[in-house]
**Student:** 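Just passing along the structure, written as structure tokens.
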Protein chains: 2
Amino acid sequence: MNNKVSIKDIARIANVSIATVSNVINGKGRVSPNTVSKVNKIIQELQFVPSASARSLKDMKSHLIAIVVPFLEKGMLQDNPFYWELVRGVEGGARHHEVQVILLGIDENEDFSFVKQRHLDGLIVVGVFEHTAAFQKLLSLNIPCVFLDSHLSNPDFHQIDLDDEAGGYLGTKHLIGLGHKVIGVLTGKLEEGGVNYFRHQGYLRALRESGIPEDPELTFEEAPSIQGGYHVAQRIGSYKSKISAMFAFSDVSAIGLIRGLHDIGLSVPADLSVVGFDDIFYSQYMIPSLTTIRQDIVAKGQIAVTMLLDQINGTGLSTDKRSVKIPVSLAVRQSSASFKEI
Amino acid sequence: MNNKVSIKDIARIANVSIATVSNVINGKGRVSPNTVSKVNKIIQELQFVPSASARSLKDMKSHLIAIVVPFLEKGMLQDNPFYWELVRGVEGGARHHEVQVILLGIDENEDFSFVKQRHLDGLIVVGVFEHTAAFQKLLSLNIPCVFLDSHLSNPDFHQIDLDDEAGGYLGTKHLIGLGHKVIGVLTGKLEEGGVNYFRHQGYLRALRESGIPEDPELTFEEAPSIQGGYHVAQRIGSYKSKISAMFAFSDVSAIGLIRGLHDIGLSVPADLSVVGFDDIFYSQYMIPSLTTIRQDIVAKGQIAVTMLLDQINGTGLSTDKRSVKIPVSLAVRQSSASFKEI
DNA sequence: TGTAGTTGATGTAACGTTTAACCAATAAAC
DNA sequence: GTTTATTGGTTAAACGTTACATCAACTACA
């Protein structure tokens, strides 16, 4: 009843050509003020909305972007609120710029055919590292991308990264400052060039700086999930006498860790200090509230959209700001406390 | 370099007409096995992918669905992991059926023009109630919708609802069973016909059943956010002597509540019992772990996709299963305990 | 008075598909 | 040996836009 009205109908009713209608819609070409308002009125009345498919067929642009996030488990997006905050930022940013966002999970051998298929204007890619097959395929697509948390070495890529090394350093330094000497890290997978790698580098730097020798046994490469954290807690039980603090490279794993410790009778921060990473929204509401490395995730999503759109539209002084490094800060809360000899 | 290959190129190289190529792609029409394989080979080689815009221009289908969720704050999706779990379910379901998902936040006066514009095949709508302007506009779009948590009275609509009344009843009954008699509820907005309304009805039924008189002062209509919960805790402080248990109609508000109580020196469950609603992933890991009304949010998202696609494709025995009511269950954990006279 | 420029508008090709209508050749039926 | 089906394929129109080329009518200018 209402979805069949096209530019042709408008033209017929307004007694002008479709070209004129098109011009009115796009504010291009030359058309008299009278005609403009006449056409616009009819457009209003008929609730005409130009067809996106027809448009993209013409100009090969879709005004669609996608946020691409790798699966961790098979076929399911990661159950980490971090992504939701990111997505919220992206959605908000996109909404300002009148583009829409497709949400896409990918696994290692994604072929990205949907990109061509839908003529996607650009991609916001989260956590895809340089040496992966997925990354190579992404490059061969030859479309605007903004890489988040990917730490690409090539400065030509548009990317937004946290200062992960600084984050790792900051958290560790904080614990050292509290008197802790045996500090474990729950890193997640330590791929060279990945976020966890850099955080770990920061951790090592802080240790060196304070003359604390590195103990490889203190690095737990468990999955950065809530369950991962929980499991590590069990293993820490046996190190009880040694480890007095843990630095988890994500808030969710810190949460799992704290709960796991609780379940084996260790309480935070009395028995063990814990520092997280990300500052997801309820870190400050949990009990104990979580000391963590703070980043503004929502803002990150918003910036990503802006960068992507600059790139797509060729606007923006993109030459300078290809690579954005977001600073981190330390949010000191209740989960970390001074070292006390037991 | 690689994105300009069209059906025409395939046709030229294979020495057949574009119609034949189209037939091969869609498995329609009559075409000899030889030709099929010849064409397919070339498609492979050239990495041809049919253009979605051209397709939808023809058949007015986009193979795109949207998940529509109302803003709470202005212009930003709600910071509640509940939505992320839902979105994860939807993405997973959609992926199985080769459709893609657009994520859309709306405010009260959304005009939904993007639906026509993009020829969206269908919508998964979360928490839009019957009497709202948005709902009316949605109806006038005349496209397949599945409504989640909307409790529409008209049985013709495709909808998935929780048995919210039962949830409200279950949680309250649990607290009563523990000996609590003065039980507050943190409801969120109590619009008639909304989820909170039904949960509240369940609460009232449980009270009646146990001969406990309703006290309107015990119903806190604060925002169902983590901050909302936190604020209510302050107000409860003054009721301290009265209230011995709180039932929050979302896990996030329960989290805020517990934290708020903690900050005014009340601990859960020693001083007050708290029950939540939703069972988001974090609830079982927090300290104390949260007694809550459990629903499988991810599954809800998956079911929604299936229902929507049945409706779109006209497949499915949709006549029977227009309206799905999902059962709830009680997950008893640590945040609720027996009533003790102080 | 002719030339040039401007304004407002039109006609039409093109984008990449799908599909209905048509057709030639071969096989089957009587 | 003519009709009738079936097989394998082609042609061309249509979907809703945009953009280029064209044009008629004025206005300005020398």
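Labels below follow one simple rule: chain letters A, B, ... track the order of the sequence lines, proteins then strands, and each chain is numbered from 1.
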**Student:** Record whether the side chain of B:Lys58 comes under 3.5 Å of the base of C:dT17 through a donor-acceptor pair of N or O atoms.
**Tutor:** no
**Student:** Quick one: B:His119 NE2 to D:dG16 P, roughly how many Å, whole number?
**Tutor:**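 Checked: the NE2 to P distance equals 8 Å.
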**Student:** Whole-Å distance between D:dG16 P and A:Arg12 CZ?
**Tutor:**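 The distance from CZ of A:Arg12 to P of D:dG16 comes to 12 Å, rounded to the nearest Å.
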**Student:** Roughly, in whole Å, what's the span from CD1 in A:Ile18 to P in D:dC15?
**Tutor:**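 Atom CD1 in A:Ile18 sits about 12 Å away from atom P in D:dC15.
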**Student:** Which part of the nucleic acid does B:Ile25 contact within heavy-atom distance under 4.0 Å: base, sugar-phosphate only, or nothing?
**Tutor:** nothing
**Student:** Nearest to the side chain of B:Ile7, heavy atoms from C-beta on, is which of C:dG8, C:dT18, D:dT7?
**Tutor:**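 Nucleotide nearest to B:Ile7's side chain: C:dT18.
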**Student:** Could you state the CE-P distance from B:Met60 to C:dT17, rounded to the nearest angstrom?
**Tutor:** 17 Å
**Student:** Indicate whether any N or O donor in one side chain lies under 3.5 Å from an N or O acceptor in the other, for A:His119 and B:Ser51.
**Tutor:**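 A pair is found: one side chain offers a donor N or O, the other an acceptor, under 3.5 Å apart.
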**Student:** Side chain of A:Arg30, heavy atoms from C-beta onward: which of C:dT7, C:dG16, C:dT17 has the nearest atom to it?
**Tutor:**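 Ranking C:dT7, C:dG16, C:dT17 by closest atom to the A:Arg30 side chain puts C:dT7 first.
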**Student:** Does D:dT18 have its OP1 or OP2 closer than 4.0 Å to a side-chain nitrogen or oxygen of A:Lys28?
**Tutor:**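 Checking A:Lys28 against D:dT18: no side-chain N or O falls below 4.0 Å of OP1 or OP2.
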**Student:** From the options D:dG16, C:dG11, C:dT19, select the nucleotide whose nearest atom is closest to the side chain of A:Ala19.
**Tutor:**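 My answer, after comparing the listed nucleotides, is C:dG11.
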**Student:** I need the CZ-P distance between B:Arg118 and D:dT17, as an integer number of Å.
**Tutor:**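 Atom-to-atom, B:Arg118 to D:dT17, this comes out as 14 Å.
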**Student:** Go nucleotide by nucleotide along DNA chain D from the 5' end; which of A:Asn23 and B:Val36 gets its closest nucleotide reached first?
**Tutor:**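 In this pair, the answer is B:Val36.
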**Student:** For a quick test of reading the model: is some side-chain N or O of B:Asn26 closer than 4.0 Å to OP1 or OP2 of C:dT18?
**Tutor:**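 Answer is yes, contact under 4.0 Å.
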**Student:** Kindly say if A:Ser22 contacts the phosphate of D:dT18, meaning a side-chain N or O under 4.0 Å from OP1 or OP2.
**Tutor:** yes
**Student:** Over 60° means perpendicular and under 30° means parallel, so classify the ring planes of A:Phe147 and A:Phe135, tilted if in between.
**Tutor:**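 Aromatic pair A:Phe135/A:Phe147 classed tilted.
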**Student:** Just verifying a value: how many Å separate B:Ile65 CD1 and B:Gln100 CD, rounded to the nearest 0.5 Å?
**Tutor:**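 Output value for this atom pair is 10.0 Å.
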**Student:** Calculate, to the nearest 0.5 Å, the distance between atoms CG and CG belonging to A:Leu123 and A:Leu141 respectively.
**Tutor:**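 CG of A:Leu141 is found 7.0 Å from CG of A:Leu123.
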**Student:** Report yes if at least one side-chain N or O of A:Ser51 is closer than 4.0 Å to OP1 or OP2 of D:dG16; otherwise report no.
**Tutor:**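 Answer is no, no contact under 4.0 Å.
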**Student:** Side-chain N or O of A:Arg55 versus OP1/OP2 of D:dT18: is the shortest distance under 4.0 Å?
**Tutor:**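 True: A:Arg55 side-chain N/O within range (under 4.0 Å) of D:dT18 OP1/OP2.
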**Student:** Angle class for the B:Trp84/A:Trp84 ring planes (parallel below 30°, perpendicular above 60°, tilted otherwise)?
**Tutor:** tilted
**Student:** When the distance from CG of B:Leu57 to P of C:dT18 is rounded to whole Å, what number comes out?
**Tutor:**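 Rounded to whole Å, this separation is 11 Å.
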**Student:** So, OP1 or OP2 of D:dT10: does either fall under 4.0 Å of a side-chain N or O from B:Thr20?
**Tutor:**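 Checking B:Thr20 against D:dT10: at least one side-chain N or O falls below 4.0 Å of OP1 or OP2.
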**Student:** Would you please test A:Glu108 and A:Thr132 for side-chain hydrogen bond (donor to acceptor under 3.5 Å, both in side chains) and show each step?
**Tutor:** CA-CA 8 Å; A:Glu108 319 83 70; A:Thr132 59; over 6 Å; no
**Student:** Please give, in whole Å, the distance from D:dG16 P to B:Gln117 CD?
**Tutor:**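 The answer, rounded to whole Å, is 15 Å.
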**Student:** So what does A:Val39 hit on the nucleic acid, given a heavy-atom distance under 4.0 Å: a base, only sugar-phosphate, or nothing?
**Tutor:**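 Touches nothing.
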**Student:** Using the side-chain heavy atoms of A:Ser32, tell me which of these nucleotides is nearest: C:dT19, C:dG8, D:dG8.
**Tutor:** C:dG8
**Student:** To the nearest Å, give me how far apart CG (B:Asp59) and C1' (C:dT17) are.
**Tutor:**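 My rounded result for the distance is 9 Å.
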**Student:** Give a yes/no answer on whether the side chain of B:Ser17 brings an N or O atom under 4.0 Å of OP1 or OP2 in D:dT11.
**Tutor:** no
**Student:** For a quick test of reading the model: is some side-chain N or O of A:Thr35 closer than 4.0 Å to OP1 or OP2 of C:dA9?
**Tutor:** yes
**Student:** Answer with base, sugar-phosphate or nothing: what part of the nucleic acid does A:Ser6 contact at a heavy-atom distance below 4.0 Å?
**Tutor:** sugar-phosphate
**Student:** Which part of the nucleic acid does B:Val49 contact within heavy-atom distance under 4.0 Å: base, sugar-phosphate only, or nothing?
**Tutor:** sugar-phosphate
